[in-house]
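Report on the following structure.
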2 protein chains.
Amino acid sequence: MSPLIESFVRHFGEMGSRWGINRTVGQMYAYIVLSDEPVNADELACELQVSRSNVSMGLKELQSWNLVRLMHVPGDRKDYFTAPEDVWKIAMTLINERRKREIDPTLTVMRDLLMENPRSKSDQYAQQRIEDMYQLIEMLTQWSREIQKLSPKQISRMLKLGAGVSKLLG
Amino acid sequence: MSPLIESFVRHFGEMGSRWGINRTVGQMYAYIVLSDEPVNADELACELQVSRSNVSMGLKELQSWNLVRLMHVPGDRKDYFTAPEDVWKIAMTLINERRKREIDPTLTVMRDLLMENPRSKSDQYAQQRIEDMYQLIEMLTQWSREIQKLSPKQISRMLKLGAGVSKLLG
DNA sequence: CTGAATTTTCAGAAATTAGTGAAAATTGAT
DNA sequence: ATCAATTTTCACTAATTTCTGAAAATTCAG
């Protein structure tokens, strides 16, 4: 692995571990993303110096996150993996998978707690707080769903406008 | 602690741990956020059933993230803590602190790697990928900075418009 | 100053999470 | 069907992270 690629892979391993993704899985994905060609498990195990079984588990996880696509190369029985060519696609997938696994269940818990009737003044206050958070998270996830209808080009244009949107809104 | 508050605190402990924040710190913050009045360390230790020293470390962390404010109540030597009343403020703080600690250093690493001259075809491809990611992350952080100039009301209006913005942009 | 109240530190224990190797299961060419 | 190639599983070990209790440091009223 070239020094350039190694630096990146190392850094993303560290980053991953701060975001609840394990270091090795982070490195594996960084390696796959930077790779020009489909990557197989043996290559990952060898380049990242981890056991073959660890790679197998990591790949299973990346597949469950829809972050890699399984491919085959003609005349080779091994499984090969690639990441989407479009970084927007990767970002959207990450956001959507995390929403499914973490945000949606959280909203459900909050909704349930808001249905209960408060047994005290402090429960009432707590419910108000929960409602504020609920509204905020709901708004953000709804927005994220909405903008995914747009093309990357359109999203870029919108983001670059930034605070300028407020002028359009009067 | 009422069952309602306990459910929320438990859930946020779990969530925290999936986002690289330790369970206890997550619970502590959930408890503080839902609390009507300023909270002291002994109360947290007692209600969450963790050691006093663990609370001390957790509070230090929450302070370093600017997520709590230290207060004093007259006639009491203990330190008391509160969370901002505005959930938008909390969200912005989280985003900004995470940017400072994780995104900015990542952008620096990527910028450095883009300066190096590629030693091979595959380095060239890797640099292209890194550049794509760099542009994407840069755009998102720039946007996040920009919209923080707006008031929560204005941000809400903008987010609710969602994909509708693209119509305004033609 | 003194000393009680409070907070912080930190070495080590406990708990959790990650990684390995050997064995089992699967796959697909012949 | 057979068998070699490949992937997966899983019990165990290793590494990391979190938590604790005791001691040290700090704070402040008197």
Side-chain angles (χ1 to χ4, degrees), chain A residues 9-32 38-65 67-82 101-102, chain B residues 9-32 38-65 67-82 101-102:
Chain A
V9 164
R10 284 257 170 77
H11 183 82
F12 263 71
E14 295 313 314
M15 275 307 107
S17 63
R18 294 212 200 181
W19 286 83
I21 289 153
N22 97 34
R23 199 171 43 87
T24 304
V25 174
Q27 292 184 345
M28 285 173 51
Y29 199 54
Y31 187 90
I32 294 170
V39 174
N40 67 49
D42 286 332
E43 182 179 346
L44 287 167
C46 171
E47 294 293 332
L48 304 177
Q49 319 239 60
V50 294
S51 72
R52 181 64 185 70
S53 55
N54 197 0
V55 169
S56 176
M57 294 189 296
L59 284 170
K60 240 185 64 176
E61 184 162 358
L62 289 174
Q63 283 176 278
S64 83
W65 280 78
L67 286 168
V68 291
R69 180 209 301 238
L70 174 62
M71 306 186 75
H72 287 103
V73 309
D76 190 339
R77 275 176 60 182
K78 290 197 183 73
D79 291 342
Y80 283 79
F81 296 89
T82 54
R101 292 159 194 244
E102 286 141 23
Chain B
V9 164
R10 284 255 171 77
H11 183 80
F12 263 71
E14 293 314 312
M15 275 310 104
S17 63
R18 294 210 200 181
W19 286 82
I21 289 154
N22 97 32
R23 201 170 44 84
T24 304
V25 175
Q27 292 184 344
M28 285 174 50
Y29 199 56
Y31 187 90
I32 294 170
V39 175
N40 68 51
D42 287 331
E43 181 179 345
L44 287 168
C46 171
E47 294 292 331
L48 304 177
Q49 319 240 62
V50 294
S51 73
R52 182 63 185 69
S53 56
N54 198 358
V55 169
S56 176
M57 293 187 297
L59 285 170
K60 240 185 65 176
E61 186 163 358
L62 289 174
Q63 282 175 280
S64 83
W65 280 77
L67 286 168
V68 291
R69 178 211 301 239
L70 174 62
M71 305 187 75
H72 287 102
V73 309
D76 189 339
R77 276 175 62 181
K78 290 196 183 75
D79 291 343
Y80 282 79
F81 297 88
T82 54
R101 292 159 193 241
E102 286 140 24

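Chain A is the first sequence line, chain B the second, and so forth, proteins listed ahead of strands; every chain is numbered from 1.
Distances shown here put a side-chain N or O of K60(A) below 4.0 Å from the OP1 or OP2 atom of dT9(D). Between R52(A) and dT7(D) there is a side-chain polar atom (N or O) within less than 4.0 angstrom of OP1 or OP2. Phosphate contact (OP1/OP2 of dC19(D), side-chain N/O of N22(B), threshold under 4.0 Å): present. Residue S51(A) places no side-chain N or O under 4.0 Å from the OP1 or OP2 atom of dG21(C).
Between L59(B) atom CG and dT18(D) atom C1' the separation is 16 Å, expressed in whole Å. Note: CE (M28(B)) to P (dC19(D)) measures 10 Å, nearest angstrom. The distance from atom CH2 of W19(A) to atom P of dT17(D) is 17 Å, rounded to the nearest whole Å. The CD-C1' distance, from E14(B) to dT16(C), rounds to 12 Å in whole Å. Between the P atom of dT16(C) and the CD1 atom of I21(B) lies a distance of 19 Å, rounded to the nearest Å. D42(A) places its CG atom 8 Å from the C1' atom of dT6(D), with the value rounded to the nearest Å. A straight line from CG of N54(B) to P of dA22(D) spans 16 Å, rounded to a whole angstrom. One can place NE2 of H72(A) at 10 Å from C1' of dT27(C), the figure rounded to the nearest angstrom.
At the heavy-atom level, R23(B) lies under 4.0 Å from the strands shown only through sugar-phosphate atoms. Nucleic acid contact for D79(A): sugar-phosphate only, since backbone atoms but no base atoms lie under 4.0 Å from a heavy atom of the residue.
Sparse packing is recorded around CZ of R10(A), with 12 or fewer heavy atoms of other residues, nucleotides or ligands lying under 6.0 Å away.
If you find the closest nucleotide of DNA chain D to K78(A) and to Q49(B), the one lying nearer the 5' end belongs to K78(A).
Under 3.5 Å, the side chain of R77(B) and the base of dT6(C) form no donor-acceptor pair of N or O atoms. Side-chain N/O atoms of S53(A) and base N/O atoms of dG21(C) include a donor-acceptor pair closer than 3.5 Å.
Among dT7(D), dT20(D), dT20(C), the nucleotide with an atom closest to any side-chain atom of M57(A) is dT20(C).
Between atom CD of residue Q27(B) and atom CD of residue E47(B) there is a gap of 12.0 Å, rounded to the nearest 0.5 Å. Atoms CD1 and CE, from I21(B) and M15(B) in turn, are 11.5 Å apart once rounded to the nearest 0.5 Å.
For the side chain to side chain contact (heavy atoms under 4.5 Å, CB included) test with M28(B), the passing option among L48(B), V39(B), V68(B), L67(B) is L48(B); the others fail.
Partners of R69(A) according to the side chain to side chain contact (heavy atoms under 4.5 Å, CB included) rule, which considers only residues two or more places apart in sequence or in another chain, are M71(A), T82(A).
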